[in-house]
Amino acid sequence: MTFRNLMACASIASVALTTTALAGGFQRGTADTDILYESGPFSMRTGLIYVNPMRGFESINGQSGDFGDYAQAYNIPTYAVGFGGENFGCAGTYIISFAADSDYTGSPGGALPAGPTAGSRTLANEFDSNEFGMTCRVSYASDMGRFSLLGGVFAEDFNFQGSSASSVPTGRTTPPSLGSLPIFLPVQTTVDTRGDYEFGYRVGLAYEKPEIALRAQVLYRSEVTHDTFSGTGTVAAAGNAYVIGGGGQQVVIPNVAPPVGTPLAVGTSSFNEVTSPQSLYINAQTGIAEGTLLLGSFRWTDWSTNKSAISSITTGGVTRSSVSPYNWRDGYTASIGIGRAFTDEIAGAVSIGYDRGVSTGSETTYTDLYTVAGGVSFKANKWSEIRVGGLVGYWTDGAQSISDGAYFNGTVGNDIVLAGNASIKLNF
């Protein structure tokens, strides 16, 4: 097989290998800087990755049951455009770099247990960071191979939406004949908070020896700090008014509460300082037989910077906050795989991966993950390529506890992760 055929193997195997990194912490996608190594003056690639984590609690504060999956499925669109030549090239990229989407309405009582402040109960949380980047390559070729220096900048934003349930006093009481009991109203608080685009950078080195399809790359991504936020918050009626009767039971008071969804207060929302962690990515490939590649990758991510997330809403001069503790440790992800060019048009790859969980007991979503991935590449002609791939992962069980910094006790079982991806590349 020619070097071009081997590189077709490498491309699809690289997709399979990097997909395993999607489960570590809030990691979503990685900028497609591999397009820097495409031959030809201009290349573009666009794709979509689908991930279904299927993670749910088995018990919450000692209550066991089937509470459904709180980790929601998500899509990751990816775009890259590359241009240049043998000694110089640049790539413009877009990716959703970090994100999370959780729905806790399947928990006992329709929400997570009350948090440490304001007695609110989390219903759902969602955030994402969009990353636009430009990375360039300066290369020097000799008889020993091609050496490249990589560098570039990127801009990343931060967007958060969340909702929680709680109850507020109405300031009214039942008649004296009924004990003058204070009347409470269930409310739902929603916030929409956005952070400005902040800048970071990438730097790295690469070495290639085409005769044996060898390529090794080290790429560092800087951390990004988001500390400027603006947003809105709304408190709305969410149910029937009630009083606390004998034995602590809620007794509904009819014809007191406004219709569900009626806004009661509108204010501003904010977020504590957020750090998108720095990371170091190493990947390598080499031909080991005719038409066959050995591939490997390793990633370190500084998830220990994530201690907690604090969302705040201010209405009527009063600020209430919701705290989600993480206290994560650093993440390590490793993969190894084999790529094979079956014909000049068709190549395939399989890989196995391990992602060390970052959870330490304050929350229990991201436990150890073991994966098997595979994919195929079809080159209809010299200017186009289609790739499809899939992944199956096994998430180990885990537990969180108040003694380890959580605000409620909970356990998760052994769960499955499913993922798929498809992309198309054009060369000109």
Side-chain angles (χ1 to χ4, degrees), residues 17-33 51 53 71 76 93 95-100 125 127-133 135 150-160 195-206 217-229 271-284 296-310 323-335 353-369 371 395-396 398 400 404-406:
L17 290 170
T18 56
T19 303
T20 63
L22 300 175
F26 292 136
Q27 184 79 49
R28 282 298 184 257
T30 302
D32 180 12
T33 56
V51 181
I76 306 170
T93 57
I95 197 73
I96 299 175
S97 51
F98 301 99
N125 286 328
F127 86 88
D128 63 69
S129 290
N130 298 285
E131 179 199 297
F132 295 87
T135 306
L150 311 175
V153 297
F154 62 89
E156 177 192 82
D157 67 352
F158 180 88
N159 309 293
F160 174 81
D196 295 335
Y197 277 93
E198 305 291 346
F199 287 91
Y201 64 90
R202 286 186 177 87
V203 292
L205 299 169
Q217 175 186 265
V218 178
L219 193 60
Y220 170 81
R221 182 190 191 273
S222 71
E223 72 176 26
V224 176
T225 299
H226 300 277
D227 56 10
T228 303
F229 298 98
F271 215 82
N272 66 311
E273 183 177 283
V274 175
T275 299
S276 295
Q278 61 181 333
S279 61
L280 182 69
Y281 178 53
I282 303 171
N283 68 318
S297 70
F298 173 83
R299 182 189 301 276
W300 164 77
T301 307
D302 189 16
W303 284 117
S304 58
T305 58
N306 281 252
K307 302 300 182 183
S308 63
I310 305 174
V323 180
S324 298
Y326 296 108
N327 299 314
W328 283 341
R329 61 183 178 178
D330 288 355
Y332 298 94
T333 302
S335 300
Y354 169 70
D355 191 320
R356 189 189 80 158
V358 298
S359 299
T360 61
S362 296
E363 66 81 50
T364 192
T365 298
Y366 298 105
T367 56
D368 290 354
L369 176 67
T371 60
W395 243 340
T396 58
Q400 65 182 57
D404 287 328

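Computed over heavy atoms, backbone and side chain alike; hydrogens, waters and symmetry mates excluded.
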Whether the side chain of R356 engages the backbone of D330 through a donor-acceptor N/O pair (distance < 3.5 Å, no angle test) should be reported. yes

Closest heavy-atom pair, N130 versus D157, reported as atoms and distance to 0.1 Å, is N-OD1, 2.7 Å

Problem - Under 3.5 Å: donor-acceptor pair, side chain of D302, backbone of Q278 - result: no

- Answer yes or no: is there a side-chain heavy-atom contact under 4.5 Å between I76 and I95? yes

Per side-chain hydrogen bond (donor to acceptor under 3.5 Å, both in side chains), S276 is matched among E156, E223, E198 by E156

Those residues at least two apart in sequence (or on a different chain) that pass side chain to side chain contact (heavy atoms under 4.5 Å, CB included) with S359 are W328, E363, Y366

Nearest heavy-atom approach of G361 to A406 is O-CB, 3.9 Å

Between V358 and G331 the two heavy atoms that sit nearest each other are CG1-CA, 3.7 Å

(message) Keeping T225 on the side-chain end and T275 on the backbone end, is there a donor-acceptor pair under 3.5 Å?
(response) no

**Heavy-atom side-chain contact between F199 and Y201 under 4.5 Å** = no

Requested in this report: Kindly indicate whether the side chain of F229, heavy atoms from C-beta on, has any atom under 4.5 Å from the side chain of V274.
Outcome: yes

### Message
Centroid separation under 6.0 Å, is that true for the rings of F127 and F271?
### Response
no

Distance col, row L280:CG vs W300:CH2, nearest 0.5 angstrom, shows 7.5 Å

Taking the side chain as every heavy atom from C-beta outward, state whether Q217 and L150 have any atom pair closer than 4.5 Å. yes

Problem - Full working for side chain to side chain contact (heavy atoms under 4.5 Å, CB included) between D404 and T360 - result: CA-CA 8 Å; D404 287 328; T360 61; over 6 Å; no

Report task. Indicate yes or no for a side-chain donor-acceptor contact from T367 to the backbone of T396 under 3.5 Å, with no hydrogens or angles considered. Result -> yes

Notebook entry, point to check: Between the side chains of T30 and R221, is a donor N or O closer than 3.5 angstrom to an acceptor N or O?
Noted result: no

Taken to the nearest 0.5 Å, the spacing of S97 OG from F132 CZ works out to 10.5 Å

The reported gap from OG in S324 to CG in N306 (rounded to nearest 0.5 angstrom) is 12.0 Å

For S362 and N327, the nearest pair of non-hydrogen atoms, with its separation, is OG-ND2, 2.8 Å

Going by distance alone, is a donor N or O of one side chain under 3.5 Å from an acceptor N or O of the other, for T333 and D355?
yes

Taking atom types as modelled and ignoring hydrogens, do the side chains of D32 and T93 form a donor-acceptor contact shorter than 3.5 angstrom?
no

Of all heavy-atom pairs linking T364 and Q400, the shortest is N-OE1, 3.3 Å

Do F98 and Q27 make a side-chain contact, defined as non-hydrogen atoms from C-beta onward lying under 4.5 Å apart? yes

Separation between OG1 (T301) and OH (Y332), nearest 0.5 Å, reads 9.5 Å

- [ ] State whether the side chain of D227 and the backbone N or O of E273 hold a donor-acceptor pair below 3.5 Å, judged by distance alone.
- [x] no

Counting distance only, does the side-chain N/O of N125 pair as donor-acceptor with the main-chain N or O of A100 below 3.5 Å?
-> no

The reported gap from OH in Y326 to CH2 in W303 (rounded to nearest 0.5 angstrom) is 10.0 Å

Heavy-atom nearest pair, S222 first then G200, reads OG-CA, 3.4 Å

For R329, the salt bridge (Lys or Arg N to Asp or Glu O under 4.0 Å) test, sequence neighbours excluded, returns none

